[in-house]
Amino acid sequence: MTETSSTPSTAGARQEAPRGRLQRLMRYLPLVAPVLLWAVPCGVLLYTGQHWPLPVTLAGTALFVLGLIGMPLAMARGHGRRQQDWAAIIGDTLLGSAWVLFVWSVLLGVLLRLALTVAGVGGGQDRARIVTWAVLGVSAVLLAWGYAEARRVPRVRRLDVELPRLGAGLDGTRVVLITDTHYGPLDRARWSERVCETVNTLEADLVCHTGDIADGTADRRRAQATPLGTVQATRARVYVTGNHEYYSEAQGWVDLMDELGWEPLRNRHVLVERGGDTLVVAGVDDVTAESSGLAGHGADLAEALTGADPDLPVLLLAHQPKFIDRAAAHGVDLQLSGHTHGGQIWPFHYLVRLDQPALAGLTHHGARTRLYTSRGTGFWGPPFRVFAPSEITLLVLRAAS
């Protein structure tokens, strides 16, 4: 018996070894990532054959060192216990700028330099300087454009979604989705008003907010969130929590949305009737709720559907697309989600896809379940959106032809 039991223990130890190494590596990632974000552009722009005058090299190096030191300090002060908005703005802006510089230093530092070499353009110094100016030019343009994209009122994305179980009376039901508004350090009260004004032009039957209302507590971001009380819908306004609520006293946000006239769907459902047919609109807490330690919070789809007629079509609000496996297992017809921001700053979407089954748009899962993932209405952290535009979504539900 001793020999038999030791064999799986040895095999288990072998399996755990790589996992343990990976976990140790992930612990060091917050230390390594900032160094890479600033050191790589510094090397590509200043030390790969440009032979800049010494004052230029020293000044440029000093700027990168200042960014490397200042970014984590500002983010810690802005997003840590002190929650100082001015520091968060500086840290987030530096983070977004460093990411764009890093990406295009790598891409142009390799591809453009290779193209210039193959084309026989200039000598080594000339090619190095062309790469430097190209990286700086592309980064400046993308950051300016990305800032404008992040701060504007999102365009409305319209699409029809056919649901085979939808009754004829519900055909044409207009569902507006907003999500990931992320009210935060940058005061966007006027932006919030304009978003709500746009929503009200869409003549919605149902308006949904699928979480991540803000970064900060409800008391702190109340002024930015208050315009949500002006949103109009002929049938219902419904809301579910996102993961960021659980960083900022989630129950306070649930209470505020209730105060503003929205229906918080915390593992429960409401019925929407139209033309003699009925749609079950259900919602669940975010999947991070259970680990938050907040009493009474946790995603429970079975509880959300308790008492609902199983023959009726179900529209589910769940903040993260990864909830779709549970939704499909319960026969949900359509899940609405956000969370991904469409990647927000390209090419971050490749990392998002490692964690989520969908990045944006309409996808099909299982026999009948559809998932719509919004790119989000606002932005998180860095005030930039690069190749990932924000959206207000109008989904027109269609019965089967």
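- Minimum heavy-atom separation, G109 to V131: CA-CG1, 3.8 Å.
- The CZ atom of R385 lies 9.0 Å from the CZ atom of F379; values are rounded to the nearest 0.5 Å.
- Between L177 and I392, every side-chain heavy-atom pair lies at or beyond the 4.5 Å cut-off.
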- Begin from the C-alpha positions of V138 and L108 and carry the test side-chain contact (heavy atoms from CB on, under 4.5 Å) through to its verdict. CA-CA 10 Å; V138 168; L108 295 179; 4.1 Å; yes
- Going through the checks in order, is the side chain to side chain donor-acceptor pair (under 3.5 Å) test met by T217 and E249? CA-CA 6 Å; T217 64; E249 301 176 8; 5.1 Å; no
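- D205 and T234 are linked by a side-chain donor-acceptor pair at a separation below 3.5 angstrom, with hydrogens and angles left out of the test.
- Salt bridge status for E259 with R222: present, with a side-chain N to carboxylate O gap under 4.0 Å.
- Ion pairing between a basic and an acidic side chain is recognised when a charged N comes within 4.0 Å of a carboxylate O; D85 and R221 show such pairing.
- Summarising the geometry of A74 relative to I90, their closest heavy-atom pair is CB-CG2, 4.2 Å, with the distance given to 0.1 Å.
- In this structure, D333 does not pair ionically with R370, as no charged nitrogen and carboxylate oxygen lie closer than 4.0 Å.
- Annotation: side chain of L45 is in contact with side chain of F64 (closest heavy-atom distance under 4.5 Å).
- Scanning all heavy atoms of the two residues, the minimum distance from M71 to G91 falls at CG-O, 3.8 Å.
- Within the 4.5 Å cutoff, the side chain of R368 has heavy atoms near those of the R165 side chain.
- The backbone N or O of A299 sits nowhere less than 3.5 Å from a side-chain atom of N267 that would complete a donor-acceptor pair.
- In summary, the side chains of D92 and H79 do present a donor paired with an acceptor at a separation below 3.5 Å, with no hydrogens or angles considered.
- Judged by distance alone, with hydrogens and angles left aside, the side-chain atoms of R353 form a donor-acceptor pair with the main-chain N or O of Q356 at under 3.5 Å.
- In this structure, CG on L256 lies 10.5 Å from CD on E245, to the nearest 0.5 angstrom.
- In this structure, the side chains of Q224 and D187 come closer than 4.5 Å at one or more pairs of heavy atoms.
- Atom NE2 in H269 sits 14.0 Å away from atom CG in L317 (nearest 0.5 Å).
- Listed for the T181 side chain is no donor-acceptor partner under 3.5 Å among the backbone atoms of G378.
- Relative orientation of the F348 and W99 rings is perpendicular, given thresholds of 30° and 60° on the angle between their planes.
- For D285 and R268, the salt-bridge test fails: no basic side-chain N is under 4.0 Å from an acidic carboxylate O.
- Annotation: side chain of L159 is in contact with side chain of T393 (closest heavy-atom distance under 4.5 Å).
- By the 4.0 Å N-to-carboxylate-O rule, E273 lies too far from R235 to be salt-bridged with it.
- With hydrogens and angles disregarded, a donor-acceptor distance shorter than 3.5 Å links the side chain of R266 to the backbone of G296.
- At distances below 3.5 Å, at least one donor-acceptor pair connects side-chain atoms of T369 with backbone N or O atoms of V332.
- Scanning both residues, R77 and W86, for their nearest heavy atoms gives NE-CZ2, 3.8 Å.
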- Message: Let's go through Q50 and R129 carefully: what are the C-alpha distance in whole Å and the side-chain angles of both, what is the deciding distance for side chain to side chain donor-acceptor pair (under 3.5 Å) to 0.1 Å, and is it a yes or a no?
- Response: CA-CA 5 Å; Q50 289 87 348; R129 292 192 175 189; over 6 Å; no
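- Closest approach of Y372 to L362, counting heavy atoms only: CD1-N, 3.8 Å.
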- Message: Checking V176 against C208 for the side-chain contact (heavy atoms from CB on, under 4.5 Å) test, could you report, in this order, the C-alpha distance in whole Å, the side-chain angles of both residues, the deciding distance, and whether it holds?
- Response: CA-CA 6 Å; V176 171; C208 308; over 6 Å; no
- Show your working on side chain to side chain donor-acceptor pair (under 3.5 Å) between S374 and R157 and close with a plain yes or no. CA-CA 10 Å; S374 168; R157 185 178 186 192; over 6 Å; no
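- A distance of 9.5 Å separates OG1 of T230 from CG of L260, quoted to the nearest 0.5 Å.
- The distance from atom CG of L63 to atom CG of L68, rounded to the nearest 0.5 Å, is 12.5 Å.
- A donor-acceptor pair is defined here as one N or O able to donate and one able to accept, closer than 3.5 Å; no such pair exists between the side chain of T373 and the backbone of A360.
- Distance check, rounded to the nearest 0.5 Å: OG1 of T179 to NE2 of H339 gives 10.0 Å.
- Panel note: side chain R237, backbone V231; a donor-acceptor pair is recorded below 3.5 Å.
- A salt bridge links R155 and E149; the closest N-O separation between the charged side-chain nitrogens and carboxylate oxygens is under 4.0 Å.
- By the 4.5 Å heavy-atom criterion applied to side chains, C196 and W191 are not counted as neighbours.
- In the model, Y246 has no side-chain atom that pairs as donor or acceptor with a side-chain atom of S291 under 3.5 Å.
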- Would L279 and R274 satisfy side-chain contact (heavy atoms from CB on, under 4.5 Å), going step by step from the backbone distance to the final call? CA-CA 8 Å; L279 173 68; R274 185 174 182 270; over 6 Å; no
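- Ring planes of F387 and W145: tilted class, angle from 30 to 60°.
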- D286/Q320 under side chain to side chain donor-acceptor pair (under 3.5 Å): CA gap, chis, key distance, verdict: CA-CA 7 Å; D286 183 62; Q320 298 194 41; 3.2 Å; yes
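- Side-chain contact check for H341 and H349: no donor-acceptor pair (N or O, by modelled atom type) lies under 3.5 Å.
- In this structure, I178 and W262 approach most closely via the heavy-atom pair CD1-CH2, 4.3 Å.
- Counting non-hydrogen atoms of other residues, nucleotides and ligands closer than 6.0 Å to CZ of R152 gives a total above 12.
- The closest donor-acceptor contact from the side chain of D171 to the backbone of A399 lies under 3.5 Å.
- Classification of R194 and E197 as a salt-bridged pair fails, no side-chain N sitting under 4.0 Å from a carboxylate O.
- Here the side chains of V207 and V238 are not in contact, with every heavy-atom distance at 4.5 Å or above.
- When the shell of 6.0 Å around CD of E203 is examined, it contains 12 or fewer heavy atoms from other residues, nucleotides or ligands.
- Within the 4.5 Å cutoff, the side chain of W104 has no heavy atoms near those of the V44 side chain.
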- Message: Between V272 and T278, is the side-chain contact (heavy atoms from CB on, under 4.5 Å) condition met? List the steps.
- Response: CA-CA 6 Å; V272 171; T278 303; over 6 Å; no
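- For the pair E290 (side chain) and V287 (backbone), a donor-acceptor distance under 3.5 Å is absent.
- A donor-acceptor pair under 3.5 Å is absent between the side-chain atoms of D212 and the main chain of D180, judged by distance alone.
- A donor and an acceptor atom, one from each side chain of S337 and Q335, are located under 3.5 Å apart.
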